[in-house]
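Structure record follows, encoded as structure tokens.
First the proteins, then the strands, lettered A, B, ... as listed; each starts at 1.
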Amino acid sequence: MSHNVGYCCINLTLQKSDNITTNRDMIQRTFLERGVSYASELALQNSRDLIKILEWNAANNIKVFRVSSGIFPWNAKYELTDLPDYDAIAHNLKIAGDVALRTNQRLSAHPDHFVKLGSEKPTVVDNSIHDLEHHSAVFDLMGLPASHYAPLNIHVGMNFSTDTVNRWLAAYDRLSDNCKKRLVVENDDKSSAFSVRQLYYHLYKAIHIPITFDYFHHQFHDDGWIEKDALITAAFTWDVRPLFHYSESKNLNENVSGNPRAHADYVFSRINDYGMNIDVDLEAKAKELALFKYRSLT
DNA sequence: CATGGTCAAGTGGCA
DNA sequence: TGCCACTTGACCATG
């Protein structure tokens with residue numbers, strides 16, 4: 001029926017013209033040398049630029065945007081309140097959230113792939129929970145809803161097994177209420193990892209967690225479900241408008257050789273929403289430029 | 001100042 | 001046992 005399309009994390013236009021970015025980072029050695037005070041400096045600049053990106057989105061009628069996980073460098077190593085600039089950063093995040101809410105932008109985040117709630121290693125699970133709580137705390141500071149309307153999307157990762165499912169569910173139980181209310185899970189592209197079908201039967205059935213349908217990943221691991229069935233099944237797991245991911249193969253579309261799973265700079269086809277009302281993140285390397293090109297497709 | 005190598009993370013495959 | 005690929009964009013050293 002209809003779909004709103006957005007982009008992810010980086011605005012190439014603003015980055016090029018004014019060095020506006022939310023991804024100022026440092027390597028480990030620099031963190032060890034300069035510590036949380038420098039992390040705080042970078043986070044302050046990143047949070048300030050998040051406001052500018054969201055204002056730019058509003059001016060360009062963009063209603064779906066993924067917030068970068070790179071705003072806080074080395075956030076695994078400290079708490080937000082440890083940062084010397086915490087008050088100013090929290091203020092920036094609140095302003096950013098206000099911009100998003102006022103201009104009707106739907107925001108989400110996608111914590112990195114080293115979040116592994118089902119890991120066999122307790123330290124990995126602890127670090128994963130810390131990472132998710134960090135993201136949820138940022139959304140709290142932004143004033144975003146504690147619901148799947150502002151989702152934190154993760155992969156289960158690893159190989160599918162009932163042991164993995166049980167460990168994952170046990171770790172999920174340890175999350176804060178707001179974090180649980182935002183958490184959603186995405187299908188993987190690896191044949192041994194979690195498909196839409198497996199997420200549905202083993203996680204959704206257990207805890208009613210929504211499933212982020214990734215069109216591209218599904219092509220590599222459909223687990224016997226055609227796209228339409230997988231998408232509609234995933235859509236009905238959501239208690240708000242679903243938010244899905246769309247990308248196309250760089251290899252097949254842009255005349256290069258390499259991993260067919262690599263994302264193309266742009267997308268080339270209309271997204272089939274199968275009559276559902278959905279939001280879609282374009283995962284294309286040309287970011288907002290890919291979104292503009294998509295809008296011009298007929 | 002441009003370029004290209006390096007760096008983070010966890011897992012699984014493979015020697 | 002341990003190394004490499006996987007992925008991706010920013011960092012940072014080199015020239």
Looking at [X] and [Y], does any basic side-chain N land under 4.0 Å from a carboxylate oxygen?
X	Y	answer
Arg24(A)	Asp49(A)	yes
Arg174(A)	Asp126(A)	yes
Asp265(A)	Lys285(A)	no

Protein-nucleotide distance ([X], atom [atom1]; [N], atom [atom2]), rounded to Å:
X	N	atom1	atom2	value
Lys190(A)	dT7(C)	NZ	P	11 Å
Met26(A)	dT6(B)	CE	C1'	17 Å
Ile154(A)	dA9(B)	CD1	C1'	15 Å
His110(A)	dT8(C)	NE2	P	11 Å
Ile20(A)	dA10(C)	CD1	C1'	17 Å
Trp74(A)	dA10(C)	CH2	P	16 Å
His130(A)	dG10(B)	NE2	P	14 Å
Asp126(A)	dA9(B)	CG	P	16 Å

Crowded around Lys94(A) NZ? As in, over 12 foreign heavy atoms under 6.0 Å?
no
Assess whether atom NE2 of His263(A) is packed by more than 12 heavy atoms of other residues, nucleotides or ligands within 6.0 Å.
yes
When you check the phosphate oxygens OP1 and OP2 of [N], does a side-chain N or O of [X] lie under 4.0 Å from one of them?
X	N	result
Lys285(A)	dG9(C)	yes
Asn127(A)	dA9(B)	no
Lys121(A)	dT11(B)	yes

dT7(C) versus dG4(B) - spacing of their P atoms, nearest Å
22 Å
Nucleotide nearest [X] when distance is taken to its side chain, options [options]:
X	options	result
Gln28(A)	dC12(C), dT7(C), dA9(B)	dA9(B)
Ile27(A)	dT11(B), dG13(B), dC7(B)	dC7(B)
Ile10(A)	dT7(C), dC12(C), dA10(C)	dA10(C)
His113(A)	dT8(C), dC7(B), dT7(C)	dT7(C)
Asn23(A)	dA9(B), dA10(C), dG12(B)	dA10(C)
Met158(A)	dT11(B), dC11(C), dA9(B)	dT11(B)
Asn159(A)	dT11(B), dC6(C), dG13(B)	dG13(B)

Give one of base, sugar-phosphate or nothing for Gln15(A), where a contact means two heavy atoms less than 4.0 Å apart.
sugar-phosphate
Students often get this wrong, so: under 4.0 angstrom with heavy atoms, is Ser119(A) touching a base, only sugar-phosphate, or nothing?
sugar-phosphate
Please state whether the rings of Phe31(A) and Tyr78(A) are parallel, tilted or perpendicular, taking 30° and 60° as the class boundaries.
tilted
Between His263(A) and Asp25(A), whichever has its closest DNA chain C nucleotide further toward 5' is His263(A)
Pairwise 5' ranking along DNA chain C for Arg29(A) and Thr21(A), keeping only the more 5' one
Thr21(A)
